[in-house]
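Could you have a look at this structure, given as structure tokens, before my questions?
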Amino acid sequence: MLETKFKVAFLLAVLVFAALPIMGILRGTFLTPFEQSSSDPPESSAPDTAAMAKEEPLPDEMVTIPAGPFIRGTDAGGFDEKPPRTIYLDAFRIDRYEVTNYHYAQFIAATGHRKAGPPSRYAKNVAKMRGPNQPVVYVSWEDAEAYCRWKGKRLPTEAEWEKAMRGTDGRLWPWGNTERLNGANWARVDDGYETTASVGTFKADASPYGVMDGAGNVMEWVEDWYSETYYADAPEKNPPSPDHGVYRVMRGGGYTTTGGDVRITSRSKLMADFRDETIGFRCAISEIAGANEGAKKSG
């Protein structure tokens with residue numbers, strides 16, 4: 001009898017801990033003092049939906065991140081963001097914007113891959129997220145990996161994503177070390193966007209390299225398996241993904257994000273087949289691979 005009760009209690013504990021990553025996405029996190037003191041958020045007009053429908057698709061543009069060291073991790077965050085270390089990365093390129101509905105639709109048309117979308121009972125906000133330049137959402141890690149492969153690219157490693165968004169000086173937000181109330185598309189203030197914004201809308205949410213929307217809009221899948229201690233265990237040069245894991249890593253904040261998760265150093269994790277309206281992605285390519293591809297096209 002006692003053994004049975006122990007098994008039931010253990011099963012319930014496992015279910016609770018397994019649900020924590022999803023609960024964090026759906027409910028956000030605690031409010032920071034910065035948010036709690038903001039009784040008068042800045043005014044902004046609602047999006048012009050008519051203009052959104054007419055907007056021209058943005059190009060599939062990439063940004064070169066030069067080779068060199070950068071500071072990864074921070075002592076100002078959670079346990080899995082520690083310790084801060086200097087990491088060296090070879091040069092690579094990364095999408096300036098999160099992959100948009102327009103570009104993902106081309107992938108669907110060309111390959112017959114499943115469309116990005118939830119079961120109808122979960123489609124509450126989908127109608128508000130269909131603009132050509134809004135980031136594609138409801139894509140799993142496998143969907144994101146398939147798209148990048150189709151484009152001749154790949155998902156960025158977690159280290160590449162952090163350098164591209166953070167630069168080399170260890171800043172906590174794309175713009176620096178001081179929080180900005182309306183710096184990105186978050187759930188912190190009424191910024192006029194109930195869901196996602198067209199990529200690149202929030203000009204403050206630009207990294208030192210000009211990569212957009214790392215702090216807000218949607219969370220993004222990256223290549224890596226999640227390891228809580230990987231920041232301490234990883235090699236100092238071009239750290240790859242851990243060999244295996246249970247969860248894949250997501251980086252950055254989204255339009256539902258509040259509290260401490262707005263830090264650009266914050267790490268999230270979910271099962272690779274999970275899809276949600278808060279999750280998108282962008283692609284990367286090694287600089288050498290990119291140069292070879294360019295030579296083929298010009299030859």
Side-chain angles (χ1 to χ4, degrees), residues 15-30 78 80 95 97-105 107-108 113-148 155-156 158 161 165 184-188 191 193-199 201-202 205 212-226 245-264 266-283:
L15 291 174
V16 168
F17 280 108
L20 286 177
I22 299 175
M23 291 170 63
I25 289 174
L26 299 180
R27 299 181 60 186
T29 58
F30 60 87
D80 65 354
D95 290 345
Y97 305 113
E98 294 153 337
V99 174
T100 63
N101 289 320
Y102 173 80
H103 291 292
Y104 199 79
F107 164 61
I108 299 301
H113 193 90
R114 69 175 179 180
K115 294 181 179 180
S120 59
R121 65 183 180 277
Y122 298 126
K124 178 181 178 182
N125 290 323
V126 169
K128 304 171 186 175
M129 306 174 76
R130 291 176 176 165
N133 290 326
Q134 286 176 281
V136 66
V137 295
Y138 279 112
V139 287
S140 68
W141 184 93
E142 289 95 343
D143 295 331
E145 191 275 336
Y147 171 90
C148 292
L155 285 169
E158 188 175 12
W161 191 97
M165 299 304 176
N185 185 13
W186 296 324
R188 317 181 80 190
D191 56 20
Y193 290 88
E194 187 178 350
T195 58
T196 56
S198 293
V199 296
T201 296
F202 287 74
D205 194 358
M212 305 300 296
D213 298 312
N217 223 17
V218 291
M219 295 181 289
E220 301 176 21
W221 292 113
V222 295
E223 171 65 26
D224 294 38
W225 290 107
Y226 176 79
V246 176
Y247 303 108
R248 291 287 184 176
V249 176
M250 298 178 302
R251 294 300 301 262
Y255 74 89
T256 62
T257 300
T258 60
D261 285 348
V262 300
R263 285 186 319 278
I264 206 70
S266 180
R267 306 172 69 201
S268 303
K269 61 186 183 295
L270 273 175
M271 302 293 289
D273 61 354
F274 189 81
R275 296 194 289 170
D276 188 75
E277 66 186 43
T278 64
I279 303 172
F281 69 100
R282 73 182 76 218
C283 305

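Along the sequence shown, residues are numbered consecutively beginning with 1.
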| query | For Asp143 and Arg275, what are the C-alpha separation, side-chain angles and deciding distance, and is it a side-chain contact (heavy atoms from CB on, under 4.5 Å)? | reply | CA-CA 9 Å; Asp143 295 331; Arg275 296 194 289 170; 3.6 Å; yes
| said: Looking at every non-hydrogen atom in both residues, tell me the closest pair between Ala197 and Phe202 and how far apart they are. | reply: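 Of all heavy-atom pairs spanning Ala197 and Phe202, the closest is CB-CE1, 3.9 Å.
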| said: Quick check for you: to the nearest 0.5 Å, what is the distance between Thr278 atom OG1 and Met219 atom CE? | reply: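 Thr278 atom OG1 to Met219 atom CE measures 3.5 Å (nearest 0.5 Å).
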| message | If we ignore hydrogens and angles and just use 3.5 Å, is the side chain of Arg251 paired with the main-chain N or O of Ser266 as donor and acceptor? | response |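 Yes, because the side chain of Arg251 sits within donor-acceptor range (under 3.5 Å) of the backbone of Ser266.
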| Hey, what do you get for CZ (Phe107) to SG (Cys148), rounding to the nearest 0.5 Å? |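 Answer for the CZ-SG pair, Phe107 versus Cys148, is 9.0 Å.
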| task | Over all heavy atoms of both residues, which pair between Ala116 and Val139 is shortest? Give the atoms and the distance, please. | result |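 Minimum heavy-atom contact is CB-CG1, 3.8 Å.
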| task | Heavy atoms only: give me the nearest Ala187-Thr258 pair and the separation to one decimal. | result |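 Looking at all heavy atoms of both residues, the closest pair is CB-CG2, 3.7 Å.
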| Approximate separation, where rounding is to 0.5 Å, of Thr201 OG1 and Asn133 CG |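 Separation between the atoms: 8.5 Å.
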| message | So, applying ring pair (Phe, Tyr, Trp, His ring centres under 6.0 Å) with Phe281, which one of Tyr138, Trp221, Tyr147 is it? | response |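 With Phe281 as partner, ring pair (Phe, Tyr, Trp, His ring centres under 6.0 Å) holds for just one option, Tyr147.
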| message | To check you understand the geometry: which heavy-atom pair defines the closest contact between Thr196 and Met129, and what is its length? | response |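 Shortest heavy-atom contact: CG2-CE, 3.5 Å.
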| request: Report yes if the side chains of His103 and Cys283 come closer than 4.5 Å at any heavy-atom pair, otherwise no. | output: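 SC-SC contact between His103 and Cys283 ruled out.
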| Is a side-chain N or O of Trp141 found less than 3.5 angstrom from the main chain of Met250, in a donor-acceptor match? |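 Answer holds: no.
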| query | Would you find a donor on one side and an acceptor on the other, under 3.5 Å apart, between the side chain of Asn185 and the backbone of Thr195? | reply |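 Looks like yes, one N/O pair under 3.5 Å.
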| Are side-chain heavy atoms of Ile108 and His113 found at a separation under 4.5 Å? |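 Heavy-atom side-chain distance check passes, below 4.5 Å.
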| field | Distance, nearest 0.5 Å, that separates CG of Asp224 from CH2 of Trp161 | value |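 The distance works out to 12.5 Å.
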| task | Would you name the heavy atoms of Met212 and Arg282 that are closest together and state the gap between them? | result |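 That closest heavy-atom pairing would be O-NH2, 2.7 Å.
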| Would a distance-only check, ignoring hydrogens and angles, find a side-chain to backbone donor-acceptor pair under 3.5 Å from Asp205 to Gly216? |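 Yes: the side chain of Asp205 pairs with the backbone of Gly216.
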| For Val137 and Asp276, which heavy atoms make the closest approach, and how far apart are they? |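 Val137 and Asp276 have their closest heavy atoms at CB-O, 3.9 Å.
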| Okay, side chain of Arg248, backbone of Val222: is any donor-acceptor separation there less than 3.5 Å? |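 Absent.
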| Side chain proximity check, Val136 to Asn101, heavy atoms < 4.5 angstrom |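 They are in side-chain contact.
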| query | Do the ring planes of Tyr226 and Tyr247 sit parallel (below 30°), tilted (30 to 60°) or perpendicular (above 60°)? | reply |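 Ring orientation of Tyr226 relative to Tyr247: perpendicular.
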| Stepwise side-chain contact (heavy atoms from CB on, under 4.5 Å) test for Arg114 and Ser140 | CA-CA 11 Å; Arg114 69 175 179 180; Ser140 68; 3.2 Å; yes
